[in-house]
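Just follow the structure's listing: the first ligand is 1, and inside any ligand the first atom is 1.
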Amino acid sequence: MKLTVLGATGSIGVSTLDVVARHPDRFEVVALTGHSQVDVLAAQCRKFHPAYAVMGGAVDAQRLALLLKDAGVRTEVLHGAEALVQVAGLPEVDAVMAAIVGAAGLPPTLAAARAGKRVLLANKEALVMAGAVFMAEARRAGALLLPIDSEHNAVFQSMPHNYAGDMAHGGVRRILLTASGGPFRTTPLDVLAAVTPEQAVAHPNWSMGRKISVDSATMMNKGLEVIEAHWLFNAPADRIEVVIHPQSVIHSLVDYEDGSVLAQLGNPDMRTPIAHALAWPERIDSGVAALDLFAVARLDFERPDPKRFPCLDLGYRALRAAGNAAAVLNAANEVAVAAFLERRLSFLGIADLIAATLDAVPHAAVPDLAAVLEADRQGRAAALDLLDRSGARSA
Ligand code: NAD
Ligand code: MG
């Protein structure tokens, strides 16, 4: 199978290449992309010899090209957003790992769907922003969408065989998404106002990029995942429930009409869903150790507290509002998380800024990619404006 890995230098990208390297007979890397980490991408090119490598800017691309020339690696170096779209749709590519973080991943991920590729979807923001457009294009082109997000991968594995988007027909009552609760699950509420970016990105169970780590701390990650589940499985908001499960061993569950509940379990290591999607419907070694239930010993469950995690409700609110709301929510969250990481916004200010942005941007339909990108632009502009006017400063 020939692969493009979008976001190869990130946490998911590196885990993907770790799995790929275990199966040189099965996978061939055609293209790798990284935004600014020239040295990481250079090392990956030396190891996997892709035909193409894509950097964000021209200067970094030139540096990469020189490094590769010196190393005798014949990879063509491209740069910019158009090049991402190009390598996502190459005719010789079978599967595209979509692992760019945030809205920047939408155009190339959509291009992979339009080209009818097997799309390994880690970039949840793309589906949150453009769910209706994305699913329609994927269906039209016959693209196979396989979720990499651990929860959705678990749901995929627990759904009826050949599930085609009809919960009633499949006898499915509810989708239960598990959440770890992040680093602040038990932090006293009055301390939350003053938590730092360093504390927020220190996740108890998972090692991930900075943006998704903050999203996990606010539980906006789960809000985005509720929307992601809606689109992937054609599930209405009131059939998707969130359960806090601090051990992160059950990755999600499907509740059936007959009372059966099926779940997927495993160690919290993204190489499991990555290997699952790469090899589906076969199973391959991922490098992840066998689950030791005696070491896990117990599995706990809690109801999420809406006062502690207002971002989860904002996700449901945007899903129910439909139209441009989810794209606006995502844009506001990206602005808020960046401001928090730059110490311009307090931790609790993240949810406030997103709620105010949803209030500020008028409702609109999003029939096509242009409308989605316009909703993204409006959401960012409104959030930045609110941020400036609040004179937000570090907590
Ligand atoms: P990361 O920050 O570690 O990596 C992001 C990648 O995107 C890097 O390769 C970076 O170079 C690239 N990138 C960043 N900005 C870009 C831009 N403007 N244009 C082009 N490329 C850009 O992030 P990650 O943790 O690997 O997450 C990637 C995606 O996977 C996110 O959408 C995240 O929500 C999702 N995801 C991650 C995990 C996880 O365990 N890390 C789990 C589930 C879902
Ligand atoms: Mg997840």
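- An N or O contact shorter than 3.5 Å links Ser11 to ligand 1 by distance.
- Annotation: atom 14 (C) of ligand 1 to nearest protein heavy atom, Val101 CG1, 3.8 Å.
- Arg46 contributes no side-chain N or O that, together with a main-chain N or O of Val73, makes up a donor-acceptor pair within less than 3.5 Å.
- For atom 34 (O) of ligand 1, the closest heavy atom belonging to the protein is Lys124 CE, 3.2 Å.
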(message) Go through it in stages, so that I can follow the logic: the residues are Glu151 and Lys124, the test is salt bridge (charged side-chain N to carboxylate O under 4.0 Å, His left out), and I'd like the CA-CA distance, side-chain angles, deciding distance and then a yes or no.
(response) CA-CA 11 Å; Glu151 296 76 5; Lys124 69 190 82 184; 5.5 Å; no
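- Taking distance alone, with nitrogen or oxygen atoms compared against 3.5 Å, Gln37 stays at or beyond that limit from ligand 1.
- Under 4.0 angstrom from ligand 1, the non-hydrogen atoms of Glu125 all belong to its side chain.
- Taking a 4.0 Å cut-off on heavy atoms, Gly34 registers as neighbouring ligand 1.
- Considering backbone and side-chain N/O of Ile212, none are found under 3.5 Å from N/O of ligand 1.
- Around the CD atom of Glu82, the shell of radius 6.0 Å holds no more than 12 heavy atoms that belong to other residues, nucleotides or ligands.
- Remark: Asp269 engages Arg271 in a salt bridge, criterion side-chain N to carboxylate O under 4.0 Å.
- Listed for the His245 side chain is no donor-acceptor partner under 3.5 Å among the backbone atoms of Ala179.
- For the pair Gly10 and ligand 1, the shortest N or O to N or O distance falls below 3.5 Å.
- Remark: Glu302 CD is packed, more than 12 non-hydrogen atoms of other residues, nucleotides or ligands lying under 6.0 Å away.
- Without hydrogens or angle criteria, Asn267 side chain to Ala289 main chain gives a donor-acceptor distance under 3.5 Å.
- Judged purely by atom type and a 3.5 angstrom limit, Ser260 has no side-chain atom pairing as donor or acceptor with the backbone of Tyr256.
- Distance alone, capped at 3.5 Å, places no donor-acceptor pair between the Asp94 side chain and the Leu3 backbone.
- Listing protein N, O or S atoms at distances below 2.8 Å from the Mg ion (ligand 2), with waters left out, gives Asp149 OD1, Glu151 OE1, Glu225 OE2.
- The shortest contact between atom 25 (O) of ligand 1 and any protein heavy atom is with Gly209 N, 2.9 Å.
- Counting only distance, with no hydrogens or angles, the side chain of Arg22 and the backbone of Ile284 share no donor-acceptor pair below 3.5 Å.
- Checking only distances, His35 does come within under 3.5 Å of ligand 1, N or O to N or O.
- Less than 4.0 angstrom separates some heavy atom of Ala104 from each of these atoms of ligand 1: 17 (C), 18 (N), 19 (N).
- Of all protein heavy atoms, the one lying nearest to atom 43 (C) of ligand 1 is Asp149 OD1, 3.1 Å.
- The nearest heavy-atom contact from the protein to atom 29 (C) of ligand 1 is Ile100 O, 3.8 Å.
- Salt-bridge formation is not detected for the pair Glu137/Lys117: no Lys NZ or Arg NE/NH1/NH2 atom is positioned less than 4.0 Å from an Asp or Glu carboxylate oxygen.
- Distances below 4.0 Å separate heavy atoms of Thr9 from the following atoms of ligand 1: 8 (C), 9 (O), 10 (C), 11 (O).
- In terms of protein heavy-atom proximity, atom 35 (C) of ligand 1 is closest to Ala122 O, 3.1 Å.
- Residue Met270 has no N or O atom closer than 3.5 Å to an N or O atom of ligand 1.
- Counting heavy atoms from C-beta outward, Ser248 and Trp206 have side chains that approach closer than 4.5 Å.
- Under the 30°/60° scheme for interplanar angles, the aromatic rings of His152 and Phe233 are found to lie parallel.
- Any N or O atom pair closer than 3.5 Å counts here, and Ile12 shares at least one such pair with ligand 1.
- A donor-acceptor contact closer than 3.5 angstrom links the side chains of Glu374 and Gln378.
- Ligand 1 lies less than 4.0 angstrom from a heavy atom belonging to Ala99.
- Taking 4.0 Å as the cut-off between side-chain N and carboxylate O, Asp385 and Arg389 count as a salt-bridged pair.
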